[in-house]
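Remember, it's 1-based here, ligands and their atoms both numbered in the order they're listed. For reference, positions follow the sequence shown, starting with 1.
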Amino acid sequence: MTTPDNSPDKLPQHLAVVMDGNGRWAKKRFMPRTAGHKAGVNATRKLVAACAARGIPVLTVFAFSSENWNRPEQEVSTLMSLFVTTLSSEISKLHKQNVQVRFIGDRTRFDECLQKGIMDAEQLTRNNTGLVFNIAANYGGRWDIVNAARQLLQKHSGESVTEERFAQYLQTPDLPDVDLFIRTGGEQRISNFLIWQSAYAELYFTDTLWPDFDEQSLHQALDWYAERERRFGKTSKQIQQEQQNKQAS
Ligand code: IPE
Ligand code: IPE
Ligand code: MG
């Protein structure tokens with residue numbers, strides 16, 4: 001086996017994952033959708049460990065979208081309890097792994113118990129220096145942008161609006177843009193996840209259902225990413241020249 005290339009231009013500095021397919025995973029096994037969500041938690045735990053082991057600095061996962069409130073009440077309430085129990089059972093392990101846990105999204109809609117769990121988790125792990133594990137809960141990309149615009153208007157009325165200043169009001173002010181965006185479950189859509197932050201992300205879609213996504217699946221996605229030529233509007237020739245100059249210096 002060759003050693004993976006972990007240089008910053010080969011390894012995503014920010015990985016975003018739409019963990020989709022829990023319901024279908026359960027359906028295939030004649031189990032309730034909830035069983036799929038529980039199995040999904042195990043896959044997420046493995047993902048965090050695999051990202052930390054690989055040296056990925058930032059991981060953002062889509063746990064619950066602002067549109068997911070429209071699911072049947074029973075499923076929503078099961079998901080909410082799963083968040084609470086998972087947070088309390090996992091947080092000390094994450095802390096021991098030096099993981100910094102953060103949440104993005106509008107947490108005010110969650111009940112008090114979950115809001116407290118979120119606050120405590122962030123507080124406990126805030127000085128950790130390992131993987132930044134960002135959990136998007138009640139998150140929507142449009143909400144993020146409108147929320148940023150609202151704050152910018154309140155605080156900076158009259159000043160010129162630049163992309164940099166605007167981004168400071170998003171949920172991710174200190175994080176790099178998304179380099180690699182993975183969606184499991186076969187759908188090829190963004191579903192309102194990190195739409196600003198993923199403007200230039202490489203998009204990776206796999207049919208694997210989220211509970212089946214393992215370390216090997218992650219490595220496959222990372223190998224695919226390492227082969228991309230990211231041009232950011234330039235030509236291929238310019239990019240190759242830049243690489244040669246970098247190697248020569
Ligand atoms: C993703 O899996 C998890 C959440 C949205 C919370 P789904 O529940 O969307 O699974 P499918 O897409 O129905 O299979
Ligand atoms: C996206 O999955 C949200 C999460 C994974 C949390 P959905 O299953 O809700 O997405 P759509 O509605 O099929 O696009
Ligand atoms: Mg889905």
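Contact annotation: E187 has no heavy atom less than 4.0 Å from any atom of ligand 1. Proximity of S65 to ligand 1 is not established, as no heavy-atom distance is less than 4.0 Å. Residue contacts with ligand 1 leave out K27, since none of its heavy atoms falls under 4.0 Å from the ligand. Within the structure, ligand 1 has G21 among the residues with a heavy atom less than 4.0 angstrom away.
Using cut-offs of 30° and 60° for the angle between ring planes, the W210 and F213 rings count as parallel. Between F193 and F62, the ring-plane angle classifies as parallel under the 30° and 60° cut-offs.
Checking only distances, R33 does come within under 3.5 Å of ligand 1, N or O to N or O. Of the N or O atoms in N22, one or more lie within a sub-3.5 Å distance of an N or O in ligand 1. Between L79 and ligand 1, a contact under 3.5 Å exists for no N or O pair.
Among protein heavy atoms, the minimum distance from atom 6 (C) of ligand 1 is reached at A63 O, 3.4 Å.
Under a 3.5 Å cut-off, the side chain of Q100 and the backbone N or O of T129 do not form any donor-acceptor pair.
Listed by number with element, the atoms of ligand 2 under 4.0 Å from a non-hydrogen atom of S191 are 10 (O), 11 (P), 14 (O). Here is the list of ligand 2 atoms found below 4.0 Å of a heavy atom in F64: 6 (C).
Backbone or side-chain N, O or S atoms of E187 do not reach the Mg ion (ligand 3) at under 2.8 Å.
One option in R189, R183, R71 has a heavy atom closer to atom 10 (O) of ligand 2 than any other, and that option is R183.
A salt bridge does not link R231 with E242: every distance from a Lys NZ or Arg NE/NH1/NH2 to an Asp or Glu carboxylate oxygen is 4.0 Å or more.
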